[in-house]
Amino acid sequence: MEIKVKTLFTENFSVRHCRICGKELISEKETCLFCREKPLLTSTEKVFPLFSYRLWNKELMFQWKIEGQRVLSPFFAALINEAIKKIKEQLCLKNICIVPVPPRPGKIKEKGWDQIDELCMYLSHRWGYHILPLLQRNSGEQQKKRSRIQRLEKIEGDYSLSSKFNFNEIENDFFCEPVIILDDVITTGATIEKCAALLKHAGFRKIFALTLFTVD
């Protein structure tokens, strides 16, 4: 599996991507049309989506997230590990922490698990990444049930800094360390932008985002 993961990752990173949102480029410019004309992602240094949400990718996502095929979790975690190693190499970073996008309230009780929480478990125990649960989700409404306009309009109150995390315990130097917001898919970018803005407000200076898929 390790060879397949590295091959998939290498092939994806050989494609040109927008330097802001990470979507695959079809022109010679450094940014996509959307980021040039209607910029949304202003609080992140860059977003790194691994694959487009098409064809077999959609089926994999459905089997994993909706059907609960958790056997896919270590495969996705391995992809993310390779991605983070490449990102650290490209950006000359020594350390990086992971901030998971939190599940909607009641999801774990209802479903028995959360896909991002499970990815973080693998990333922490297998590869030693530092996971910072800095965010909380306040809305129980599923994002997939909202239109693009609704996602952009309603995102403001959906997330906040976690009330369970003591930010006063974080040393000042720690805020200088880069963090990666981790989510499964980026659609409009509203969730990533809101989470990044909250982390910026908390004092973190360099914020990146990594997703398995991007809807383009």
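We're numbering straight along the sequence, starting at 1. Model, not experiment: these values are computed from the prediction.
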Which residue is it: Leu134, Asp183, Ile180? I am looking for the one with a side chain to side chain contact (heavy atoms under 4.5 Å, CB included) to Val99. Leu134
Mind checking whether Glu37 and Leu33 have side chains closer than 4.5 Å, heavy atoms only? yes
Do Glu193 side-chain atoms and Ser43 backbone N/O form a donor-acceptor pair below 3.5 Å? yes
For residues Phe213 and Thr211, report the shortest heavy-atom separation together with the two atoms involved. O-OG1, 3.1 Å
Report, as yes or no, whether the 6.0 Å neighbourhood of atom CD on Gln63 holds more than 12 heavy atoms from other residues, nucleotides or ligands. yes
Got a salt bridge between Lys107 and Glu110, using NZ or NE/NH1/NH2 to carboxylate O under 4.0 Å? no
Going only through I, L, V, M, F, W and Y residues with side-chain contacts under 4.5 Å, is there a path from Trp113 to Leu119? yes
Dump the intermediate steps for side-chain hydrogen bond (donor to acceptor under 3.5 Å, both in side chains) on Tyr129 and Asn81, then the final yes or no. CA-CA 9 Å; Tyr129 289 103; Asn81 174 52; 2.7 Å; yes
Could you go through the side chain to side chain contact (heavy atoms under 4.5 Å, CB included) check for Thr187 and Tyr53 one step at a time? CA-CA 9 Å; Thr187 304; Tyr53 190 57; over 6 Å; no
Indicate yes or no: at least one non-hydrogen side-chain atom of Leu182 is less than 4.5 angstrom from one of Cys120. yes
Test item: Lys88 side-chain N/O and Lys94 main-chain N/O as donor-acceptor pair under 3.5 Å: yes
Sub-4.5 Å side-chain heavy-atom contact between Val179 and Glu177: no
Less than 4.5 Å apart, any side-chain heavy atom of Ile181 and any of Val47? no
Non-hydrogen atoms of Lys46 and Phe48 that approach each other most closely: CD-CZ, 3.7 Å
N/O donor-acceptor pair under 3.5 Å between Lys23 side chain and Val215 backbone: yes
Could you grab the distance from atom CG of Asn57 to atom CG of Leu212, nearest 0.5 Å is fine? 9.5 Å
Donor-acceptor list for residues 70-77 side chains, cut-off 3.5 Å, not counting sequence neighbours:
from, atom 1, to, atom 2, distance (Å)
Arg70, NE, Glu118, OE1, 3.0
Arg70, NE, Glu118, OE2, 3.4
Arg70, NH2, Glu118, OE1, 2.4
Ser73, OG, Trp64, NE1, 2.9
Ser73, OG, Arg70, O, 3.2
Ser73, OG, Glu118, OE2, 2.7

Backbone of Ile108 reached by a side-chain donor or acceptor of Asp114 within 3.5 Å: no
Measure the shortest side-chain to side-chain distance between Trp127 and Ile84 over non-hydrogen atoms and say whether it is less than 4.5 angstrom. no
Examine distances only and state if a side-chain atom of Thr188 and a backbone atom of Ala190 form a donor-acceptor pair shorter than 3.5 Å. yes
With a 4.5 Å limit on heavy-atom distance, are the side chains of Asn138 and Pro105 in contact? no
Minimum heavy-atom distance Cys32-Cys18, with the two atoms named: N-SG, 3.3 Å
I need the minimum non-hydrogen distance between Ala196 and Ile207, along with the two atoms involved. O-CD1, 3.4 Å
Identify which one of Leu50, Ile96, Ile98 satisfies the side chain to side chain contact (heavy atoms under 4.5 Å, CB included) criterion when paired with Leu210. Leu50
Is Leu198 close to His201 at the side-chain level, that is, under 4.5 Å between some pair of heavy atoms? no
Closest approach of Pro49 to Ile186 (non-hydrogen atoms, all atoms of both residues): CB-CG2, 4.4 Å
For the side chain of Gln136 and the backbone of Ser163, is there at least one donor-acceptor N/O pair under 3.5 Å apart? yes
Between atom CZ of Arg137 and atom SG of Cys195, what is the distance when rounded to the nearest 0.5 Å? 9.5 Å
Can a salt bridge be assigned to the pair Glu45 and Lys206 using a cut-off of 4.0 Å between side-chain N and carboxylate O? no
Less than 4.5 Å apart, any side-chain heavy atom of Lys65 and any of Asp184? yes
Could you tell me the separation between the OG1 atom of Thr44 and the NZ atom of Lys200, rounded to the nearest 0.5 Å? 7.5 Å
Between Ser162 and Pro133, what is the shortest heavy-atom contact and its length? CB-O, 3.7 Å
